[in-house]
K.L.:
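The following block contains the structure, expressed as structure tokens.
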Amino acid sequence: MRLNRSLLSSIVTTAVAVTLAVSLAGPAGAKPGNDPKPDPGARDTSAQLVAADAAFQASQGSAALNRASSKVQARIQSFVRTHGTTHTFGSYADPATGRIVIETDAPSEVIDSLIADAGAAVDVRRQSVSDSFSRRDDVAPFWGGAGIVLTTGVPQCSSGYTVKNSAGTRFMVTAGHCFSNGQTVRTEIGGRVVGTVSGNGLPSQDMELIGGQSYAPSIYIGGVNSTTGAHVGSAADPVVNFNNYCHSGRTTGENCGHTVTSVNAQVCTSSGCKSPVIAFTGGVLPQGGDSGSPFYANSTSGSDKHIRGHIIAVGGGTAYAEKWSRVAARFGVTIVT
């Protein structure tokens, strides 16, 4: 139990005063000059105070360790946000040893910068930390670029990116042709509930929201079975002729080198005609199942990804994506970063 220092001081002061009064006056009913018999039920006030003081000191030590651990964890989070997930970290405060434990495969110079002046001793264990989930077996809070389904099998699409409305409620964006309003979306593997569909914009807007669960400002990067993610830093529309946009979906993974050829394109499929949308070429284009996946630009510094829209269709040598501005306008949302 954590004891307040001022309360403990009050207890000590009162106890000392009582002890002093008893020693001077003796217990009620005792004759002057006669030592009373000891009461076998009496409590040792001094022992209690020693125990209380020990408990207080222990609680203070635990609080200091937790503050030191939080300081190191904040540094680790900042490092990962800036430099990406090349290195892995696991950290916690161990009350049994009074030390911070860090498991990591980061080089010594990185570790030294993270634990400098930590405020507690640190045990560094040199090992990598791996995820127990993947792009196709996502867990809450859910990321963009993951495989999502109604039931095992078809239709398979990809989650896009996290947005929030004016009340702060978060949603995941995906393509409107993937699911219908009211349907429950699940992870491709594991069948975890990702959320319920609302706001389907077809036939003119290929977008919808998935809500009801927790969603993070991150998207999967890397291959089709990746466990690696990147932080979303902003959202805006793309510009024509920029030649290194990316997409990241459950079928083809992360692929860059896309060139935007138009931001006023039209695409008409079995779900209707959508315009104005993004048209892009170059690199490994999306395939079936990548619908809904994020279309984005890499940060010029750091590892943040900057959303430009989400994938909706692909032809022979051209792919199409909804623009961020259309999503923001339809749903009245902002990007979660």
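Keep in mind that what you see is a predicted model, and the values were worked out from it rather than measured. All residue numbers refer to positions in the sequence shown, counting from 1. Hydrogens, waters and symmetry mates are skipped; everything else that's a heavy atom, side chains included, is used.
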K.L.:
What's the separation between atom NE2 in His247 and atom CD in Glu254, rounded to the nearest 0.5 Å?
P.N.:
9.0 Å

K.L.:
Considering only residues two or more places apart or on different chains, which pairs with a residue in residues 257-309 satisfy disulfide bond (SG atoms under 2.5 Å apart)?
P.N.:
Cys268-Cys273

K.L.:
Take Asp137 and Arg192, measure what salt bridge (Lys or Arg N to Asp or Glu O under 4.0 Å) needs, and give me the verdict at the end.
P.N.:
CA-CA 8 Å; Asp137 189 17; Arg192 300 177 189 87; 2.5 Å; yes

K.L.:
Are any of the side-chain nitrogens in Glu188 or Arg250 under 4.0 Å away from the carboxylate oxygens of its partner?
P.N.:
yes

K.L.:
I need the full list of side-chain hydrogen bond (donor to acceptor under 3.5 Å, both in side chains) pairs touching residues 100-113, with sequence neighbours left out, sorted by first then second residue.
P.N.:
Thr88-Asp105, Glu103-Gln127

K.L.:
Determine, stepwise, if the pair His177 / Ser291 fulfils side-chain hydrogen bond (donor to acceptor under 3.5 Å, both in side chains).
P.N.:
CA-CA 8 Å; His177 68 262; Ser291 288; 3.0 Å; yes

K.L.:
Is it the case that Ser234 and His306 place a side-chain donor and acceptor less than 3.5 Å from each other?
P.N.:
yes

K.L.:
Taking atom NZ as the centre, does Lys164 end up with more than 12 heavy-atom neighbours from other residues, nucleotides or ligands that are less than 6.0 angstrom away?
P.N.:
no

K.L.:
Is the closest basic N to carboxylate O distance between Arg99 and Asp123 below 4.0 Å?
P.N.:
yes

K.L.:
Determine, for Asp237 against Arg326, whether the closest basic-nitrogen to carboxylate-oxygen distance falls under 4.0 angstrom.
P.N.:
no

K.L.:
Hydrophobic cluster membership, with links at side-chain heavy-atom distances under 4.5 Å among I/L/V/M/F/W/Y: are Val260 and Trp324 in one?
P.N.:
no

K.L.:
Is Val124 reachable from Phe79 through a run of I, L, V, M, F, W or Y residues, each pair having side-chain heavy atoms under 4.5 Å apart?
P.N.:
yes

K.L.:
In this structure, would Val197 and Leu202 fall into the same cluster of hydrophobic residues linked by side-chain contacts under 4.5 Å?
P.N.:
no

K.L.:
Is the distance between the ring centroids of Phe295 and Phe280 under 6.0 Å?
P.N.:
yes

K.L.:
Mind jotting down which residue pairs meet the disulfide bond (SG atoms under 2.5 Å apart) criterion with at least one end in residues 180-256? Sequence neighbours excluded, please.
P.N.:
Cys246-Cys256

K.L.:
Establish whether Ile115 and Val101 are linked, either directly or via other cluster members, by ILVMFWY side-chain heavy-atom contacts under 4.5 Å.
P.N.:
no

K.L.:
Are Val333 and Tyr296 co-members of a hydrophobic cluster defined by side-chain heavy atoms under 4.5 Å apart?
P.N.:
yes

